[in-house]
Amino acid sequence: MATRRRGQRKGRAKRRRQGPRRFRKAARAVAALLLLGSVALGFSTARYLLQSDALVRARFEGATFRVPSRVLAAPTILYPGIDWRHIDLRGALARLGYRPAPSAQALAPGRYHWSDTKVSIHRRAFEHPSRAAPARQVQLELAGERIERLHDAPSGRELSVFFLEPEQIGSYYGPAHEQRELVKLDEVPAHLVEAVIAVEDQRFLTHAGLDPPRILGALFANLRSGEIEQGGSTLTQQLAKNFFLTPERTFRRKVQEAVMALIIEARYSKLRILETYLNEIYFGQRGGVAIHGVGEAARLHFGKRAQDLGLHESALLAAIIQSPNGLSPHRRPEAAQQRRDLVLQLMHEQGRISDIALARALSQPLQVAKVTPEPREARYFLDALRRQLPEFYDQASLSSEGLRLYSTLDLRLQRLASRALREELERLEGEHPALRPQTPDGEALQGCLIALRPQTGEVLALVGGRDYATNQYDHCTQARRSTGSVFKTFVYVAALEPREGRRPAAAAGGVKTLADWLDDSKLVVPLRRGNWEPRNFDREFHGRVPLRVALEKSYNVATARLGQEVGIERVADVARRLGITSPLPVVPSLAIGAADLSPLEVARAYATLANGGIRPRIRTFEDIVDPRGETVERQAIDFERVLDAGTAYLAVSLLEGVVERGTAASLRRRGIEGPLAGKTGTSNDEKDAWFVGFMPELVVAVWVGFDTPRSLGLASSRVALPIWARFVREATGGVVPGAFPRPRTVIERQVHPQTGALALAGCPARRSELFVIGAEPAHTCPDWGAAPAQSVPPPPERRPGLLRDLFDDWFGG
Amino acid sequence: MVATRNAGRVSDRRPAAARCGARARVTASAATPTRLALALLLLTALLAGCLGPGGASSGVGGERGAPALRIGDFAGHGGPVRRAATRLVLQGLDADARAQPDAALAHYQRALQVDPENPFAWLALARHEVFNNLPTGGSARRALAFLDKAEAAFGGLAKAPWRLVTPHFEGLRGVALLASGRAAEARPHQLVASRATVWADGRLDAAELR
């Protein structure tokens, strides 16, 4: 027993001795662990800090923002005599964010006043390296729907022309679909900065990225309410969150935000942080596009530049930062105004604005510009423009470099074109069920329309398909479709073009004149693999037909024979010179349209004819300007004479006949007056329907068909022509101005209708016809063998004046 | 050379930031010899014109001392469209006279948007191409095409002022032909131009056309 007790005592003593040892051992282990942990924590913290620092620097010192490039339409031009309703002046003002004012007195930039007889507009200044214009107030005197006179409002000086700033037609967005207009801090009005600081972070200038009193205040408030209703974030924290973090509200994310904010504050000045914040902060949506930064927000909400904002407007912008969509002045004006007034009160309480400024700003109503979503009609055009740019303007650079692309697009014409195509295709489907999709997900009827200004090559309207949302393939610029009879025009041009030595009696003439006749009887062209026998649309032959009638009625056989006579190689050469760039098969059937071409190149070739034989370069933009205001790309007017003016005019005259008497005669019944020329085209089995028509200042090509070609069962005059007619009628108001200018090398002569002989006294019948000087008929009616010299008056002086005098001096003329 | 200026277009494959600043330098350095060469060519041609048959000393009946064309004289002519466009042409000529070629070009282009057949706009554009762009690698072909277009547009007028316009056409065509290496073709045009008041000093200022 005693031994056992002794043993127990020894055991206790031993344990007592071992206790501190174990404790020391454990303590050492813990200490080691702690040390190790601390080192590891230190390492990972340091690593995290370094990574965060690198992230911050990469963002701030690289391209801080990706700014999508904007595309602008051609500006609206006002001058005396123009119809304001026709150019949709009210619509243009609304889309540009101009707001109506109750009176014309003291109009601010971006405001207008409209009365029955006068319109006063205070145009905003707009920037452009070569077309910059200052803010200017003008007065338009109206006479009904016409602008009678234009005056500079302050001076009363009469103006002959006035431009509105160009409208934005779209942007090249990146994946985030954000739009922003960068501003510099020194451009922003001081009250905007004050308003933002007052409501978002009043100790911004003194804290180091975190604001502990504010954090504590927010913590207590949130604990009291039991939910997160206040945030304690500084501007720097908000910036860190927007730049680097997700919007989730977790403790971990908050810590990350704080660390980032501290790094930002340590690295960059307050001014830099503030400027970055003002450009980054989210301000709501414009359709599917996120609006960021005060520059873009000022444009969206007030239709003006940030530098032009008033105090009450600055306060409103600062007010909606908290909840851009919930406090949207467009959707919830009362809530927005309450919050704006709160911001003004805060500014006043913090001594940032005076009593008077407060009272004045509070008295201002909430006036915001109408938000107009970016037009959807110009999507195909934007793609076409991008394809026309040099390759280094890829999607990445266009969506980040903040360029401004001044395009040639006439937004009014674009809207009309888009509507005409869409509604006319719907009408066609309504009237002809076979044209509807055959199955629920079947292929829809497609079409496209392109309008060019022939003199300058500008693309004024381009609708590449029926609906961009469902089909982005541009049928005007990317598709190559069988042209049918649209191509025939080139055969006639080749036949009319002067060809020296071909006709000894008229060396200046071509193979044919407009007074000639063609043979529309059966034609057999032997080929390697059998014969080719062209047939007419009506399956009949028409025998001997006047050349004009052959084209007006679009006779295949007569044209095919003419192609053989002229030479297919020559026809192809003429087509290429006029502007066709697609490969052309040099086969007999080319004469009647066996060529797959794009509507764009066909339009260009016809534009060359409308432009008197001068081929224009197609232009989709005028210049591209970088964010610093430097022009980095320019697409100047460029063209080349590829056909003599006389032949071009004869071709125009032929095509006028198509509209007056031929396959496009229904155009006149559709209510369009004035000079018109054009050609219908229907491909084999009616798979493609074309109409290419023009007037002195506009060329329009329309194509209709299916992507997987199938028969439309209708001629082009019932498919493509109505679309063309509707567009042109709406674009011109139904009256096409001007006339096709006749060159001095073209004269009018009387000819015998049946023989084409020059009609002299005693000729039983006669009609007028046009000839290039020197290509008049050699034979006469009555037949004198050859035209007597005196019957053909000498060509008029080309250019009387010095040249003539000089030649007379030299050659004794 | 990384950047080229051709057909009024600035092409540079560098990043945007580098692209912008470099443009003016590149254009200026490339332009100087060409500008000098063209000036010499122009001078030679004019001298040749003056010394050739029926040179300036003999004069051309009625042209010496005849009033030069002033587009301003036509600013009030035509309908509102033509007047508006002609006013823009005058503004363009002012810009050209102030050595602001980009602004001038912008005005001519706007004039053509308003009135695509405005003969004065085409003439001013041709002048602009010859005097501003040819010396910096512009296209003589384009200048000639502008002249063609101007001539066609004047031809469309009921009463074209040919006697006044001709010296401009001839002088500009002569310079453009010369620049494209067609000296023989250029000579008669230069001859005609050299006899006219506006060309007698071998210059055609924008102000003279204005």
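We name chains A, B, ... by the order of the sequence lines, and we start the count at 1 in each one. Note that the structure is a prediction, hence the values are computed from the model and not measured.
Side-chain contact between A:Arg634 and B:Asp102: present, with at least one pair of heavy atoms (C-beta onward) separated by less than 4.5 Å. Looking at heavy atoms from C-beta onward, A:Arg453 lies in side-chain contact with B:Pro116 at the 4.5 angstrom threshold.
Considering only heavy-atom pairs separated by less than 4.5 Å from chain B, the leading option among A:Ala74, A:Pro737, A:Pro75, A:Gly612 is A:Pro75. Ranked by heavy-atom pairs under 4.5 Å with chain A, the first of B:Ala103, B:Gly79, B:Ala95 is B:Ala103. Contacts with chain A were tallied for B:Arg83, B:Arg87, B:Arg110, B:Gln100; B:Arg110 has the most, counting heavy-atom pairs under 4.5 Å.
Of the two parts of B:Leu144, neither the backbone nor the side chain holds a non-hydrogen atom closer than 4.5 Å to a non-hydrogen atom of chain A. Contact of A:Phe740 with chain B is not made at all, since no heavy-atom distance falls under 4.5 Å. Residue A:Asn611 touches chain B through both its backbone and its side chain, counting heavy-atom pairs closer than 4.5 Å. With a 4.5 Å cut-off on non-hydrogen atoms, B:Tyr108 does not touch chain A at all. Only the side chain of B:Leu88 comes within contact range of chain A, judged by heavy atoms closer than 4.5 Å.
The shortest heavy-atom contact between A:Thr456 and B:Trp122 is CG2-CH2, 4.4 Å. Closest approach of A:Pro80 to B:Pro80, counting heavy atoms only: O-CB, 2.7 Å. A:Asp638 and B:Arg142 get closest at one heavy-atom pair: OD1-CD, 3.0 Å.
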Query raised in the report: Does the side chain to side chain contact (heavy atoms under 4.5 Å, CB included) test come out yes or no for B:Gln109 and A:Arg619, once each step is laid out?
Result: CA-CA 12 Å; B:Gln109 290 186 350; A:Arg619 299 159 66 225; 3.8 Å; yes
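A:Gln395 CD: more than 12 foreign heavy atoms inside a 6.0 Å radius.
With no hydrogens or angles considered, a side-chain donor-acceptor pair links B:Gln113 and A:Glu622 at under 3.5 Å.
One finds no salt bridge joining B:Glu151 and A:Arg744 here, because no Lys/Arg side-chain nitrogen approaches an Asp/Glu carboxylate oxygen to under 4.0 Å.
Atom CG in B:Asp115 sits 9.0 Å away from atom CD in A:Gln455 (nearest 0.5 Å). Note that the CZ atom of B:Arg82 and the OG atom of A:Ser160 stand 14.0 Å from one another [nearest 0.5 Å]. The distance from the CG atom of B:Leu112 to the CD1 atom of A:Ile637 is 5.0 Å, given to the nearest 0.5 Å.
Without hydrogens or angle criteria, B:Arg141 side chain to A:Phe639 main chain gives a donor-acceptor distance under 3.5 Å.
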